[in-house]
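Note sheet for the following structure.
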Amino acid sequence: MQKEIEYDEKVTITPTDDETAAHQREYASLMRKFWFALLIGIPVMLVAYPEIPWLYLPNLFVPESSEALIRSLFVLSGVATLSVMAYSGRQFFTGAWAAFRHHSADMNTLIALGTSAAWIYSTVALVVPGIFPSGTANPFYDVTAIVTALVVLGQALEVRAKGQTSQAIRKLLDLQAKTARVLRAGHEIEIPVEAVLVGDVVVVRPGEKIPVDGEILEGRSSIDESMVTGESLPVDKVPGDEVIGATVNTTGSFKFKATKVGKDTALAQIVKMVQDAMGSKAPIARLVDVVSSYFVPAVMIISILTFLAWFNFGPNQALAYAVVTAVTVLIIACPCAVGMAVPMSLVAGVGKGAEHGVLIRNGEALQSASRLEILVLDKTGTITRGKPGLTDVLPAAGFQANELLFYAASADQLSEHPLAQAIVQAARNQGQELAEPSEFEAVPGHGVSTVVGEKKVLVGNRKLMERYQIDALPVQTDVENLQGEGKTAMYVAVDGIIAGVVAVADTIKDDSVQAIRVMREMGLEVVMLTGDNLRTAQAIARQVGIQRVLADVLPEDKAREVHMLRQGGKKVGMVGDGINDAPALVEADIGFAIGTGTDVAIEAADITLMSGSLKGVAYAIEISKATMQNARQSLFGAFVYNTAGIPIAAGVLFPFFGILLSPLLAGAAMAASSVTVITNANRLRFFKAKSFAETA
Amino acid sequence: MTITEIVINGIGLGLIGLIVWYFWLYRREGIQIGETDGLQEATINVKGGYNPDVIVVKRDKPVRLHFNRQESSLCSEMVIFDYENISARLPEGQTVTVEFTPQKAGEIGFQCQMGMLRGKVIVQ
C-alpha cells in the first residue's frame with residue numbers, strides 16, 4: 001500500500017543556525033590567509049623590483065648584488081609564493097576545480113588561472129630562460145602573492161559587510177525573550193522560552209518582555225509593541241486581548257495563556273518571511289543571470305585573445321607583455337560585483353522594511369512596489385479608524401463647549417448605541433467628570449431623554465427635538481454644515497432649550513494625512529475606494545488631500561474597480577485590511593495588507609504592514625524605490641567597472657597613451673569592486689524615510 | 001610567421017574553441033532520481049557546485065531535495081529556485097531539505113544567490 005503523505009505546495013525547512021558565528025569563523029580564517037599572503041608577498045615584491053634600490057634591502061648589505069644572488073632570491077620567492085597559493089589561495093583552486101567538474105566557471109576560476117599562470121610563467125622563465133626571446137624571461141612572483149593577498153582581503157571584508165547587511169534578521173531574533181515565567185502545578189517557575197507550551201499560563205511583571213504570543217487572562221497593562229508593529233505609543237491591554245511575543249510590558253503586571261509558541265509566534269513568522277524575501281530574486285536580477293552564465297568563460301576567451309594580440313603585434317619583449325596583460329585581464333574581471341549587486345541591495349532593503357513593520361514578500365514585490373503609479377486606498381479602517389469618534393462640539397448661544405459635552409456625555413452614559421458611546425469616550429478622554437443620569441429613557445430611532453443633575457437633557461436627532469417641541473433653528477446651519485462633511489450631528493437640549501450640536505463620524509487616523517502627502521510627493525495618484533456614499537467619502541477625501549474618489553462600490557466590486565484602473569496601463573497598488581479586500585489585493589499589481597499586529601500570514605498580500613498606519617504603505621514604497629535605485633547603481637557600477645576594466649587591463653590604452661595596468665592594481669581594483677557593491681547596499685541601512693519624518 | 005608563432009596561435013585558438021565547447025555547448029545528462037512511496041528524493045552535495053547538478057524527476061509527484069553544504073565559502077550559502085519563490089539557507093555541514101511538487105513538465109533551475117553555481121531539475 002502506498003504510504004499517505006501530505007505535502008504542502010512548498011516546504012522549506014530552515015534550520016536556526018547561528019549564522020553570525022559561521023561568518024565570524026570565515027572572516028577569521030580569511031584574515032589569517034591574508035596576513036600570511038601579505039607577509040610573504042612584501043619581500044617577494046621587493047625581490048621583483050631590484051631596480052628600486054631603496055626597496056631592495058639586499059643592496060644595503062651586499063652593495064654589488066650578483067646575478068647569482070638575484071637568481072637565488074627569485075628561487076626563494078618562487079617557493080614562498082607556492083606556499084601562499086597552497087594556503088592562502090587554496091579555496092580558489094578547490095573552488096575552480098569543483099566548478100570545472102560541473103562545466104562551469106566562477107570567480108575562483110579566474111583568480112586560480114591568473115595567479116597560477118603568473119607563477120608558471122615565472123618559474124619557466126627562471127628555470128629555462130633560454131626558451132624565451134631575449135629580455136622576456138622575467139619572473140613576477142609578486143603578482144601571485146600580492147593578488148592572492150588582495151583578493152582574500154576583499155573576501156574577508158565582503159564577509160564582514162555581508163553580516164552587517166543581514167543584521168536585520170539578527171535584530172529580530174534578538175527581540176526574542178530568553179526565559180519565561182510560567183505557572184506549573186501552582187508554582188511560578190522560570191523556564192527557557194523554548195520550553196513554553198501552548199496553554200501554559202505565563203506571568204509577566206512590569207518592564208519584562210513578553211515571551212510568546214497569547215491572550216491575557218487577568219491583570220491589565222500598557223504594552224510597547226513598537227518592535228513588532230512600528231507603532232510608537234504603548235497599547236492598553238485588558239483580559240481577552242492578544243499579546244505578542246517579543247513586545248515589552250510597561251507598568252502593569254498580568255497573566256496570559258500561551259496560544260502560539262516556537263515557530264508559530266508572530267516573531268518567528270516575521271523572521272521566516274524576511275529570510276525568504278531576502279533569499280528571493282528580483283526580476284531585474286534575471287538580466288544578471290544571463291550575463292553571469294556567460295561572463296567567466298567570456299573573460300577567459302578575452303584573456304587568450306589579449307595574449308595572442310600582444311604576442312603577434314606587441315612591441316619588443318612581446319611575450320612578457322602578452323603574459324602580463326592576459327593575467328591582468330583574468331584578475332581584474334569581477335563577476336562577483338555583478339552577481340552581488342541586486343541580492344545585496346534586496347537583503348538590505350527588505351531588512352530595513354522589517355525594522356519598520358513592513359514585510360515585503362519577495363524581490364518581485366519590492367520591484368513592483370517601486371514602480372507603482374496609482375495607489376488605491378480603502379477608506380474604512382485604512383484611512384479612517386473604522387469606528388466613530390467625536391469630531392465637533394458646537395454650543396448654541398448661552399452654552400460653553402465643555403458644558404455641552406458634559407450634558408451630552410452624561411446623558412448618553414447608559415445608552416449602548418455606538419454613536420453615544422463615542423461621545424462618552426471622548427468626554428472621558430478629555431478628563432470630564434460625568435454625572436450619573438436618572439430617569440433614562442431611550443427613544444428608538446430618536447435618541448435619549450434623561451435627567452442630569454436637576455436638568456432635563458435630550459440628545460438625539462431632529463425628530464427627537466420635534467417630539468419635545470424644541471426650537472432647533474439656532475443650530476440648523478451648523479447641522480447642515482456637519483452633514484455636508486459626512487458627519488452624524490446630534491442635537492442636545494437642556495431644560496427645553498437647544499444647547500448645541502455634537503457631531504460624530506468615523507475619524508481619520510492621526511497619520512493618514514502625512515502618509516498620503518508623502519505618497520503624492522512621490523508622484524503617486526492616490527484614489528479612495530469606498531462603499532460609502534459620495535458625499536461622506538468626499539468629505540474624508542478633502543481632509544486627507546485625495547482628489548479621486550470611487551464611492552458606492554460594493555465589496556464584491558472592489559476587485560473590478562482595481563481591474564478597470566489597471567486597464568489604463570498603469571501599475572496599481574491596493575491597500576486594504578486583507579480580509580474582505582482580498583480579491584482586490586490579488587487583482588492589484590501590489591496588494592498591501594494593513595494588519596493589526598499578529599496576523600502576518602496574509603496570503604493575499606505582497607506587502608504586509610504589521611501596524612495599522614498608512615505610513616507603513618508610504619514607507620514600503622519609499623524603501624522599495626530606494627532599494628531598486630541602490631541595486632541599479634551597484635549593477636551599473638559593476639557593469640561599467642568590468643566593461644571598462646577588462647579592455648584597459650588588456651592594454652587598449654597602450655597604443656595611444658602608453659598606459660598599461662599593473663596586475664597588482666588589477667587585483668586591488670577587483671577586491672575593491674565587490675566590497676564597494678556591499679558597502680553601497682549597506683548605505684540603505686541609514687535610509688531616512690519621509691513617511692517617518694517628524695511633522696512640523 | 002615562424003613555426004613557434006603558428007603553434008602558439010593555434011594553441012590559443014584551440015583553447016578558445018575548447019572553452020566554448022566545454023562551458024557553453026556541452027549538454028549534461030541528468031540523473032534520474034528514484035521513487036520511494038511516491039516520493040522522489042535526492043541528496044545534493046554543495047561544494048563549489050551542486051553534485052549532482054542535473055536531476056530528472058516526474059511531474060505531479062513530490063520532490064524532496066536534501067542539500068548538504070560542505071564548504072564555508074559564502075557563495076553557496078543560499079540556494080534559490082526559479083519556481084514558486086523557493087529558497088533556503090544552507091548552513092555549513094548541515095542538511096537542509098527543500099520540497100515541492102512540480103506541476104508541469106519543463107526545467108526548474110536552482111542556483112546560488114549570485115548565479116555562479118547552477119543546477120536544474122528536469123521535470124518530465
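Computation of the quantities below employed the complete heavy-atom set of this structure, encompassing side-chain atoms and omitting hydrogens, waters and symmetry-equivalent molecules.
For the set A:Gly339, A:Ala96, A:Gly363, the entry with the most heavy-atom pairs within less than 4.5 Å of chain B is A:Gly339. Each of A:Ala341, A:Ala99, A:Ser104 has some count of heavy-atom pairs under 4.5 Å with chain B, and the biggest count is that of A:Ser104. For chain B, the option among A:Pro297, A:Ser29, A:Ala105, A:Ala277 with the highest count of heavy-atom pairs below 4.5 Å is A:Pro297. Chosen from B:Val54, B:Asp53, B:Val79, the residue pairing most often with chain A at heavy-atom distances under 4.5 Å is B:Asp53.
Within residues 151-159 of chain A, the residues that have a heavy atom under 4.5 Å from a heavy atom of chain B are A:Val159, listed by number.
Contacts between B:Glu77 and chain A at a heavy-atom distance below 4.5 Å involve the side chain alone, from C-beta outward. Residue B:Leu117 touches chain A through its side chain alone, counting heavy-atom pairs closer than 4.5 Å. A:Glu26 touches chain B through its side chain: at least one heavy atom from C-beta onward sits under 4.5 Å away, while N, CA, C and O do not. Residue A:Phe295: no heavy atom, backbone or side chain, is found under 4.5 Å from chain B. With a threshold of 4.5 angstrom between heavy atoms, A:Asp106 approaches chain B through its backbone and through its side chain. For B:Leu15, the parts lying near chain A are the backbone and the side chain together; criterion is any non-hydrogen pair under 4.5 Å. For B:Phe81, no part lies under 4.5 angstrom from a heavy atom of chain A. Residue B:Asn51 touches chain A through both its backbone and its side chain, counting heavy-atom pairs closer than 4.5 Å. For A:Asn312, the part lying under 4.5 angstrom from a heavy atom of chain B is the side chain only. A:Ala298 touches chain B through backbone and side chain together, each having a heavy atom under 4.5 Å away. Heavy atoms closer than 4.5 Å to chain A are found nowhere in B:Ile11, neither backbone nor side chain.
B:Tyr83 has its side chain out of reach of B:Val123: every pair of non-hydrogen atoms, C-beta onward, lies at least 4.5 Å apart.
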query: Given the rule in the side-chain hydrogen bond (donor to acceptor under 3.5 Å, both in side chains) test, do B:His66 and B:Thr95 qualify, once you have shown the distances and angles that lead to the verdict?
result: CA-CA 6 Å; B:His66 308 285; B:Thr95 299; over 6 Å; no
task: Assess whether side-chain contact (heavy atoms from CB on, under 4.5 Å) is satisfied between A:Cys334 and A:Met107, documenting all intermediate values.
output: CA-CA 7 Å; A:Cys334 188; A:Met107 181 212 73; 6.0 Å; no
task: Could you walk me through whether A:Asn362 and A:Asp276 pass side-chain contact (heavy atoms from CB on, under 4.5 Å), step by step?
output: CA-CA 7 Å; A:Asn362 51 43; A:Asp276 285 354; over 6 Å; no
query: side-chain contact (heavy atoms from CB on, under 4.5 Å) between B:Gln70 and B:Asn45: does it pass, once the steps are laid out?
result: CA-CA 7 Å; B:Gln70 300 159 342; B:Asn45 290 319; 3.2 Å; yes
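Partners of B:Lys120 under the salt bridge (charged side-chain N to carboxylate O under 4.0 Å, His left out) rule, at least two apart in sequence or in another chain, are B:Glu107. The salt bridge (charged side-chain N to carboxylate O under 4.0 Å, His left out) test applied to B:Glu5 returns no partner, not counting sequence neighbours. In this view, B:Lys58 and B:Glu35 satisfy the salt bridge (charged side-chain N to carboxylate O under 4.0 Å, His left out) rule, not counting sequence neighbours.
Salt bridge status for B:Arg64 with B:Glu99: present, with a side-chain N to carboxylate O gap under 4.0 Å.
Residues B:Glu41 and B:Thr36 bring no donor and acceptor atom of their side chains to less than 3.5 Å of each other.
Using the six-membered ring where Trp is involved, A:Phe100 and B:Tyr22 have ring planes that are parallel, under 30° apart on the 30 and 60° scheme. Taking the six-membered ring where the residue is Trp, B:Tyr26 and B:Trp21 present perpendicular rings, their angle passing 60° and hence far from 30°.
The line from CD1 of B:Ile55 to CG of B:Leu65 is 5.0 Å long, rounded to the nearest 0.5 Å.
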